[in-house]
Every structure is written in C-alpha cells, then in structure tokens.
Amino acid sequence: MADWVTLGVGPWFVMRGLVQRVTYRGAPCEVTLSLALANSGELQVELIEQIDDTPSIFGEFTGSGFHQLAYWTEDFDATMAAVAAAGWPVVWSGGEDGGVRFAYAEPGGVPAAIIEIMELTDASAGMATLVRRAAQGWDGGDPVRELGTG
C-alpha cells in the first residue's frame, strides 16, 4: 500500500483476517486473507494478501504484480453461463453461502492470467461507491482506513 500511496492512490480501505470459504479447482477450501481497496480515478485497485499457507489460487501466483482483472455483473448467472460457453475453466469461486458471489476463470489468450467475475449487488456497489468517493479530492491524509474483519 505504501508504494501506491506514494503514487497518490488512496485512501486504502483494509479488511484483515477475512476467512473465505471457496471452491478451489473443484474442491472446498478455506483461506484467510487481508484485502485493501482504493481508487485511482475510476479504476479500483485491490491488493490481496493470503496470510495462511493453504493451497489457493493466490499461492499459484509467484512474485508480485498483476494477477486478475475483475468484471462486475448485474446478472451473475447469465455471465457465468457465458463463461462456461466460452470454455473458461472456473478455478476459484465463492459467495454461494449468502455473500456476494464471485468466480475466477482462466481464459486463454487474454491479457490477464485470471478474469474475476463479481456479482454487482447493493453491497458490492455500495463498497465501490465508498472507495471511489473517498479517492475524489483525497489530500493524502489518513491513507489506511481499517474496516471490520471477517
């Protein structure tokens, strides 16, 4: 986050110790993550740190850098049907237990290693609006804002 703040991106909204119950390559999985969100103009940046050693989609990614490109959809089921029709394997998914649904797919021949499909709900849209509005005219003060944990 410090590097991004130096670039003028912020403020960062951080959630630490989130327990995420997902399906990883077809099997149940539980990981603990910390997430940070900030906007640079209309672009939202998400930093993800897995804080346990459970095998995961994040553990497959070595080093640092660009991991995924996210796409929000109002019709998650129709979008996932299109993902299946395109032959993109879903390698990480969750939210079926009442949260915001999401899926990571591995498409071939596109600029990102992973495409994240996220359900656009009142909750996910509200968080996006909070983060975007905080970034507008941000003066560099209070660069890290802790939110509740999972």
For [X], enumerate each residue passing the side chain to side chain donor-acceptor pair (under 3.5 Å) test, keeping only those at least two apart in sequence or located in another chain.
X: T32; value: none
X: E106; value: R25
X: S93; value: none
X: T23; value: none

Is [Y] reachable from [X] through a run of I, L, V, M, F, W or Y residues, each pair having side-chain heavy atoms under 4.5 Å apart?
X: V22; Y: L18; value: yes
X: W4; Y: L35; value: no
X: L47; Y: L33; value: no
X: Y71; Y: L120; value: no
X: V45; Y: L37; value: no

Taking all non-hydrogen atoms of both residues into account, name the closest pair between [X] and [Y] and its distance.
X: G95; Y: F102; result: N-CE2, 3.9 Å
X: A38; Y: V9; result: CB-CG1, 4.0 Å
X: P107; Y: A113; result: CD-O, 4.0 Å
X: E119; Y: S124; result: O-OG, 3.0 Å
X: Y24; Y: C29; result: CB-CB, 3.8 Å
X: Q68; Y: I48; result: NE2-CD1, 4.0 Å

Could you work out, with side-chain contact (heavy atoms from CB on, under 4.5 Å) as the rule, every residue matching A86, not counting sequence neighbours?
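With sequence neighbours excluded, A86 shows a side-chain contact (heavy atoms from CB on, under 4.5 Å) to W88, given in chain and number order.
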Those residues at least two apart in sequence (or on a different chain) that pass side-chain contact (heavy atoms from CB on, under 4.5 Å) with M118 are W72, V100, E116
In sequence, state the C-alpha distance, the side-chain angles, and the governing distance for V91 and E60, and then conclude on side-chain contact (heavy atoms from CB on, under 4.5 Å).
CA-CA 11 Å; V91 296; E60 291 180 12; over 6 Å; no
Steps toward side-chain contact (heavy atoms from CB on, under 4.5 Å) verdict (W92, V31)
CA-CA 12 Å; W92 186 259; V31 297; 3.9 Å; yes
Kindly state each residue pair satisfying salt bridge (Lys or Arg N to Asp or Glu O under 4.0 Å) with at least one member in residues 44-56, sequence neighbours excluded.
none
Would you mind listing every salt bridge (Lys or Arg N to Asp or Glu O under 4.0 Å) that reaches into residues 81-92, with sequence neighbours excluded?
none
Please work out which of the three classes, parallel, tilted or perpendicular, describes the rings of F58 and H67, given edges at 30° and 60°.
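Ring orientation of H67 relative to F58: tilted.
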Report the distance from atom CH2 of W12 to atom CG of L147, rounding to the nearest 0.5 Å.
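Separation between the atoms: 13.0 Å.
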Could you tell me which residues satisfy ring-ring contact (aromatic ring centres under 6.0 Å, His included) with F13, sequence neighbours excluded, listed by chain and number?
none
With side-chain contact (heavy atoms from CB on, under 4.5 Å) as the test, would you mind laying out the steps for E30 and V19 before giving the verdict?
CA-CA 7 Å; E30 183 176 293; V19 176; 3.5 Å; yes
Applying side chain to side chain donor-acceptor pair (under 3.5 Å) as the test, list every pair that has at least one member in residues 33-43; sequence neighbours left out.
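For residues 33-43: none.
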Per-pair distances, 0.1 Å, donor-acceptor, side chain in residues 132-146, under 3.5 Å, sequence neighbours excluded:
{"unit_1": "W138", "atom_1": "NE1", "unit_2": "G141", "atom_2": "O", "d": "2.8"}
{"unit_1": "D139", "atom_1": "OD1", "unit_2": "G141", "atom_2": "N", "d": "2.8"}
{"unit_1": "D142", "atom_1": "OD2", "unit_2": "R145", "atom_2": "NE", "d": "3.3"}
{"unit_1": "R145", "atom_1": "NE", "unit_2": "D142", "atom_2": "O", "d": "2.9"}
{"unit_1": "E146", "atom_1": "OE1", "unit_2": "R16", "atom_2": "NE", "d": "3.0"}
{"unit_1": "E146", "atom_1": "OE2", "unit_2": "R16", "atom_2": "NE", "d": "3.0"}
{"unit_1": "E146", "atom_1": "OE2", "unit_2": "R16", "atom_2": "NH2", "d": "2.8"}

The criterion is salt bridge (Lys or Arg N to Asp or Glu O under 4.0 Å); which residues satisfy it with D77, sequence neighbours excluded?
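Once residues adjacent in sequence are excluded, the partners of D77 under the salt bridge (Lys or Arg N to Asp or Glu O under 4.0 Å) criterion are R101.
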